[in-house]
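Order of the sequence lines sets the chain letters (A, B, ...), proteins ahead of strands, with each chain counted from 1. Worth knowing before you read on, the calculation uses all heavy atoms, side chains too, and leaves out hydrogens, waters and symmetry mates. Just so we're clear, the structure is a prediction, and the values are computed from it rather than from any experiment.
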Amino acid sequence: MVPRVAAAMWRFGIAEAVAYRASMFVWVLATCFPLVSLALWSYLAEEGPIGGYDRGGFVTYFVAAFLIRQLTSAWVCWDLTRQIRLGELDALLLRPAHPVLHHMMSNFAALPMRAFMALPLGVGVLIFAGGGDPVAWGDVLRTLPTLALAWGIVFSIQLAVACLAFWLTSATSLYEAWLAVHLVLSGYLLPTSLFPERFAEVIRVLPFHAALGFPVEVLTGRLTHGAYVEGIGLQCFWVACFSVLAAFSWRRGLTRYGSVGA
Amino acid sequence: MPACGTDVRVSRPPHIQVSGLSKHFRVSRREAGLVAAMRAVFRREWDTVRAVEEVSFRVTAGERVALLGPNGAGKTTTLKMLAGLLHPTAGELTVAGYTPAAREASFLRSIALVMGQKRQLSWDLPALDTFELNRVVYGVSHSDYRQRLDEMTELLDLAHVVSRPVRQLSLGERMKCELVAALLHRPKVIFLDEPTLGMDVTMQLKIRHFIRDYNERYGATVILTSHYMGDVAALCSRVLLIADGELRFDGDIDELVKSVRPVKRVSVTIPDKRHRVGMSEYGMVVQREERVVLDVERGKVSDVIAHLLSREGVRDLEVTDPPLEEVLREVFERRRV
Amino acid sequence: MSAGERRVGAIRVAAAQFRVCVLRALQYRMQFWTEGVLGVAWSLMGIAPLLVAMQYRSEVAGWGVGGLLVLTGVFTIMSGIYGAMVQPALAESMAHIRRGSLDYLLLRPVDAMVSCVTAMYSPWRLLEVVAGVGLVTVGIHREGVFAWEGLALGVALAFLGVVVLYAMGVLMLAASFRALRLENLTFMLEAMLDFGRWPIGVFRGLLKAFFTFVFPLAVLTTFPAEALLGQSRAGTLGVAVLITLSFMFAARIAWNRGIRHYTSASS
């Protein structure tokens with residue numbers, strides 16, 4: 001029953017994604033900071049490599065970071081907080097299907113469209129920048145599971161924060177604060193390996209890096225097999241952590257929603 | 001004691017049973033001004049809002065019942081508790097044998113809630129897309145879905161409407177689509193919250209007719225809240241009057257009118273002022289202009305009519321029930337019926 | 001109304017609208033954190049790449065640590081002004097256009113364009129301006145290059161930068177008359193502004209020309225920063241004035257076209 005319901009929700013999500021394609025395209029463009037970073041670092045690398053990255057390396061890194069962010073993004077935080085605030089959650093609760101399943105499938109359904117819009121942009125930048133380090137097919141395959149886990153981390157964190165909207169009026173600002181920290185520490189603004197050594201050691205085990213920097217490094221072939229396995233393990237750990245937190249918050253939040261209403 | 005015709009109802013098992021239902025909300029007291037705002041940071045004071053207080057009633061399967069009351073009376077809160085969206089503070093509640101608050105899947109599959117203000121249809125997509133999603137979520141077979149969709153589309157005249165994006169539809173068309181979406185899974189209990197709010201008269205008539213027709217065909221229990229007397233008069237023989245969270249009356253509309261205002265409203269046109277004397281001996285004078293309106297005790301109506309018709313310069317005599325609005329206003333102003 | 005009267009009217013309208021928004025902002029004190037502090041955090045996080053870069057290189061395109069601090073400070077000021085004054089007005093106007101309630105703005109005895117660009121303010125985001133000024137002060141102090149002429153030139157160039165920001169906003173508004181779902185464009189513009197965090201010298205050739213004339217980040221951040229550091233090249237002011245005037249001109253034309261399209265299209 002559940003797979004059939006999930007499939008129907010997925011189809012529904014595709015229809016919505018097509019209807020919202022114009023907005024989506026603008027959002028893809030608005031989340032292009034890696035390209036901004038690329039401008040700086042490719043300039044700096046002209047006189048010589050920095051921290052193991054030469055110019056080509058930076059091009060590949062930042063294009064990969066841009067694409068991977070598009071493919072692992074979620075927006076359940078904004079959607080769910082709006083639904084809680086405006087009472088739109090009622091309609092979802094009346095259906096004999098889990099509202100979170102609905103959000104997940106909507107998210108999955110939109111990712112192909114985002115990829116479709118982001119890939120040409122990424123390729124365009126690659127060409128304009130004169131090409132980057134080549135990427136091996138083996139690395140592409142090894143990246144796929146890390147993408148799923150990275151998405152899991154992002155989604156479960158957003159869900160956990162969104163559940164705070166059952167109690168607070170501005171849960172989204174909390175997520176935006178998290179996001180600001182995330183962008184700095186995840187490898188989105190610059191590769192985490194470039195940070196001062198002691199600092200880098202610490203941030204590379206945090207969920208921020210696991211959600212973005214790690215998949216990017218797998219794709220650009222910068223990790224040994226041992227580091228790869230370690231990283232996957234770390235991702236699993238963080239997904240588990242935040243999923244448990246999200247499930248707990250959801251249950252408590254729903255009880256409160258039921259006693260207080262919209 | 002609320003008047004209710006219990007004899008008919010005891011013979012069949014109740015489909016919906018509510019006893020001692022209460023819902024209290026704790027709201028923080030917030031006053032205006034800078035000093036109060038700063039004080040509120042350190043010490044919050046709480047008030048209790050008694051939205052629903054000790055409400056009890058029973059509904060048998062297939063009945064059509066209206067929850068009537070002024071704004072903020074607790075009608076929507078009661079409806080949401082029946083649908084399982086709100087947890088009661090106290091009291092017991094059974095709908096179709098389930099406890100709504102448990103939100104079991106089979107319970108959710110046997111009810112539907114349609115709210116006039118909030119929609120379940122996706123805004124940018126055609127209604128058909130949401131129907132299809134609901135079909136799978138509620139486990140409706142393809143053949144059943146096709147048959148029910150065709151039937152309702154024809155009844156509600158929606159052939160060209162369901163394939164256009166919902167945001168392009170008028171309010172009436174949107175409401176009709178909402179109804180279809182809610183009824184595709186043939187719920188046994190239908191909750192309607194202000195279903196004809198903001199619509200023109202023709203549309204209101206169509207929707208009332210559809211709901212009544214549905215209830216008669218499939219025996220679904222209908223509970224609706226409304227402001228409009230037209231909704232109530234057309235759809236429900238039984239009303240529950242709720243004011244300040246309390247159940248003030250439970251029973252037949254006509255009985256209510258008879259017990260609260262045991263009069264008939266007699267109106268007559270008397271163009272000449274001189275012929276308008278002595279009206280007060282017939283009953284209470286509501287209006288003394290060219291159109292004279294009197295409230296006459298039921299027993300005396302035939303005598304009064306005879307007297308009036310024998311007078312000079314009298315025409316267009318009309319006898320009706322007192323307007324429901326006035327009756328209700330009187331009920332809500334008293335403590336008990 | 002004479003041109004002078006119309007101009008005074010515009011300032012009065014802007015001031016009145018600002019006052020209303022300040023009163024509202026004082027009521028929603030939570031926004032001090034959600035808009036003010038968060039805005040500062042977002043602006044300042046962009047300094048991380050520069051600080052890390054300083055570990056590997058002694059300078060970036062000829063800019064040392066102090067200079068980069070000043071540049072980031074100017075960027076933060078611009079970002080704050082955009083977020084506090086330009087973006088809210090644009091979002092509100094676009095919402096009016098979408099809902100069809102722009103008519104009320106058009107009925108006012110004020111120039112419609114002025115009404116739109118003063119439609120809303122988010123005063124708490126001015127905190128970024130304060131933070132930016134702080135950064136600039138620290139940077140100038142570090143470089144030890146304070147001069148009154150530099151300050152005057154810097155402020156003048158910054159003012160021109162703000163005018164360019166407004167002009168770009170008006171261009172977006174004019175575009176949204178034709179295509180209704182363009183509210184996210186304001187966020188895209190904000191994202192593109194991030195390119196202004198780096199000195200213009202980081203870009204080469206075509207890209208440099210683009211960011212000087214087509215999307216004039218140079219005017220917005222690099223020119224004022226250079227001036228404050230006393231490193232302005234001759235003719236910078238002239239170039240900036242030229243670019244600003246062209247943008248103002250283009251914006252006004254686009255606005256007139258857009259409004260004509262709107263008033264003739266609506267029923």
_Taking side chain as everything from C-beta outward and backbone as N, CA, C, O, which of these in C:Leu207 sits under 4.5 Å from a heavy atom of chain A? Side chain, backbone, both or neither._
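Side chain only.
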
_Heavy-atom contact with chain A under 4.5 Å, split by part of C:Phe203_ =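 Just its side chain gets close to chain A.
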
Would you call the rings of [X] and [Y] parallel, tilted or perpendicular, taking 30° and 60° as the class edges?
X	Y	result
A:Trp238	A:Phe242	parallel
A:Tyr53	A:Phe58	parallel
C:Phe187	A:Trp27	parallel

_Most chain A-contacting option - heavy-atom pairs closer than 4.5 Å, from C:Pro49, C:Ala48, C:Ala41_ =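 With the most close heavy-atom pairs to chain A, the winner is C:Pro49.
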
*Please determine, among C:Met188, C:Arg204, C:Arg57, the option with the most heavy-atom pairs under 4.5 Å with chain A.*
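Sorted descending by pairs with chain A, the first entry is C:Arg57.
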
_Top contributor to chain C contacts, counting heavy-atom pairs under 4.5 Å, from A:Val184, A:Leu40, A:Leu190, A:Leu29_ =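 Between A:Val184, A:Leu40, A:Leu190, A:Leu29, the count favours A:Leu40.
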
*Picking from A:Ser42, A:Ala39, A:Ser37, which has the most non-hydrogen pairs under 4.5 angstrom with chain C?*
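Answer, by heavy-atom pair count under 4.5 Å with chain C: A:Ala39.
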
Please examine the side chains of [Y] and [X], heavy atoms only from C-beta on, and report whether any two atoms are closer than 4.5 Å.
X	Y	value
A:Asn107	A:Trp151	yes
A:Tyr188	A:Phe208	no
C:Val86	C:Met172	no

_For C:Arg197, give me all partners under salt bridge (Lys or Arg N to Asp or Glu O under 4.0 Å), at least two apart in sequence or on another chain._
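Salt bridge (Lys or Arg N to Asp or Glu O under 4.0 Å) list for C:Arg197, sorted by chain: C:Asp194.
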
*asked:* With a 4.5 angstrom heavy-atom cut-off, is it the side chain or the backbone of A:Pro191 that approaches chain C, or both, or neither?
replied: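 For A:Pro191, no heavy atom lies under 4.5 Å from chain C.
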
*Part of A:Leu183 lying under 4.5 Å from any heavy atom of chain C*: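 The answer is the side chain of A:Leu183.
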
*Scan side-chain atoms only and decide if A:His103 and A:Gln83 contain a donor-acceptor pair under the 3.5 Å cut-off.*
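A:Gln83 and A:His103 do have a side-chain donor-acceptor pair below 3.5 Å.
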
*Scan side-chain atoms only and decide if C:Tyr82 and C:Glu190 contain a donor-acceptor pair under the 3.5 Å cut-off.*
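No donor-acceptor contact under 3.5 Å links the two side chains.
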
*Heavy atoms under 4.5 Å from chain C: which residues of residues 213-220 of chain A carry them?*
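The residues closer than 4.5 Å to chain C amount to none at all.
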
*A:Trp167 atom CH2, neighbour heavy-atom count above 12 within 6.0 Å*: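 Correct, the count exceeds 12.
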
